[in-house]
Amino acid sequence: MTIAVIAVSIYACKEDNSAEIAYEKEQAEIVEEEKILEFGFDINNYIVKRDTIKSGDSFGEIMQRYNIGYPNIFQIAEITKDTFDIRKLHPGRPFTLLYSKESEKDSLPSPSTFIYQPNQEEYVVIGLKDSIHAYTSKKPITYVEKTATGIIESSISKTLEDKGLSQRLAYKMADEIYAWTIDFRRLQKGDRFKVIYTDKYIDDTIYAGIQNVKAAYFEHNGDSLYAFKFQTDSIKGIVDYFNEDAKNLRRAFLKAPVQFSRISSRYNLKRRIAHYGYRVKAHRGTDFAAPNGTPIMATASGTVTKSSYGSGNGKYVKIRHNATYETQYLHMSRRNVKVGEFVKQGDIIGYVGNTGSSSGNHVCYRFWKNGKEVDPFKQKLPEAMPISDSLKVKYLDYIKPIKQQLDDIFFLEGQSIQPENTITEDTNTDIK
């Protein structure tokens, strides 16, 4: 009897002990789940201070402000110069300082880590203590595929606004996808669309805009217009939109080198200019007025033949597209390409300015055909390159499930359909 009681007691103790171990394990898992990760660090382990770069701030001044001495600043700058140029700190950009918790005891605590964010995605980490080091990294990026529909009442912008959707969708459909097949200024009531697109998120919470439109469908003026995005040249990274029969939807040239601009002066060989006493002075370009710094895009793919400055042209870029066509972009505030570079249609080649003989911020767009300057708006411009026969079969197989996905989307008056697919690009897995 006594032996049995002892055995029961031992068994009970074992049961109690097991329960306690299980509870401790459960608590440990809870603590593990409560880690707050940022920039690859467990923030719970540090004292965190946040600030932004002020106008006139230098790296040295910031370090001195937070109790890092000048000899150490010089050493940090020297050791990290191959990874990060400390002179490239931009006002308004955030930075974070991490302190060890033991530093609370110090009368003049100094940080162990400096983290600078040049943009929403990237960050630079500089270790300031014994093992001085620097590295750059990116926050985790998540891409969420979504679908949306709309029925036009007055305009595409109003339809998107009513649904709480990004106006970027309007730009992509109007300027990138259907620029040569639909005039979005003349949409009719009852026109409707479906679109499959990808939203981009940084750290799962920061919305970074629409990354990509995978496919679209637009009913306009009695026509049903499909559009599927497809890469035709992986080496040059050329991507176009094609319909269900593999026909390219765009022309070889964009209508304008800048977005959301107005034509302030057209091609006119008999124009009289006040600046020259109203004398006739031929204007062989088309002027697009836009704010200073507006990106200027290559209207077609080609090779940069000139990237220079002239007293009349100001800062300018010239591109040869093929044996027939060349384009030139004048009065830039800044050029963004060099001679010999291959640029794709839509690439940013410079920024609107007022350099050279110019009376206001604009880009003068000049267009050559067979060596002669002409009015681009009076030319029958060629279509973009079609899909090669070798790629056509691959393309038709590729779009088959996407077309079915589009066809299965119902037109809704309410909000866009819930996300269908999420892909996370994990760029930071280390925990410190």
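Summarising the local packing, CG of D389 is surrounded by 12 or fewer heavy atoms from other residues, nucleotides or ligands at distances under 6.0 Å. The local environment of OH in Y207 is crowded, with over 12 non-hydrogen atoms from other residues, nucleotides or ligands closer than 6.0 Å. Counting non-hydrogen atoms of neighbouring residues, nucleotides and ligands closer than 6.0 angstrom, the CZ atom of R65 exceeds 12 such neighbours.
Here Y329 and Y365 bring their ring centres to under 6.0 angstrom of each other. Proximity of the aromatic rings of H321 and F253 is defined here by a centroid distance below 6.0 angstrom, and this criterion is met. Ring pair F184/F218: centre-to-centre distance below 6.0 Å.
Closest non-hydrogen pair, T327 versus F367, comes out as CG2-CD1, 3.7 Å. Minimum interatomic distance between I126 and F59 (heavy atoms only, all atoms of both residues): CD1-CE1, 4.1 Å.
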Name each donor-acceptor pair under 3.5 Å that joins a side chain in residues 394-402 to protein atoms two or more places apart or in another chain, with its distance.
unit_1, atom_1, unit_2, atom_2, d
Y395, OH, F242, O, 3.1
Y395, OH, N243, O, 2.7

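The pair D245-K247 fails the salt-bridge criterion, with no side-chain N (NZ, NE, NH1 or NH2) lying under 4.0 Å from an Asp/Glu carboxylate O. The existence of a salt bridge linking K403 and E244 is excluded, since no basic side-chain nitrogen approaches an acidic carboxylate oxygen closer than 4.0 Å. Contact check on K139 versus E121 returns no salt bridge, with no Lys/Arg side-chain nitrogen under 4.0 Å from an Asp/Glu carboxylate oxygen.
Taken to the nearest 0.5 Å, the CG atom of D57 stands 4.5 Å off from the CD1 atom of I62. The line from CG of N119 to CD1 of I202 is 7.5 Å long, rounded to the nearest 0.5 Å. To the nearest 0.5 Å, the span separating NZ on K306 from CZ on R335 amounts to 13.0 Å. Annotation: the span from E38 atom CD to R50 atom CZ amounts to 4.0 Å, rounded to 0.5 Å.
For the pair K146 and Y197, the cation does not sit on the ring face, since its NZ or CZ is not both under 6.0 Å from the ring centre and inside 45° of the axis.
One side chain, K129 or S110, offers a donor N or O that lies under 3.5 Å from an acceptor on the other. With no hydrogens or angles considered, a side-chain donor-acceptor pair links E219 and Y217 at under 3.5 Å. No side-chain N or O of Q379 forms a donor-acceptor pair with one of D375 less than 3.5 Å apart.
Remark: R93 engages no residue in a salt bridge (Lys or Arg N to Asp or Glu O under 4.0 Å) (not counting sequence neighbours). With sequence neighbours excluded, the residues satisfying side chain to side chain donor-acceptor pair (under 3.5 Å) with S388 are S390.
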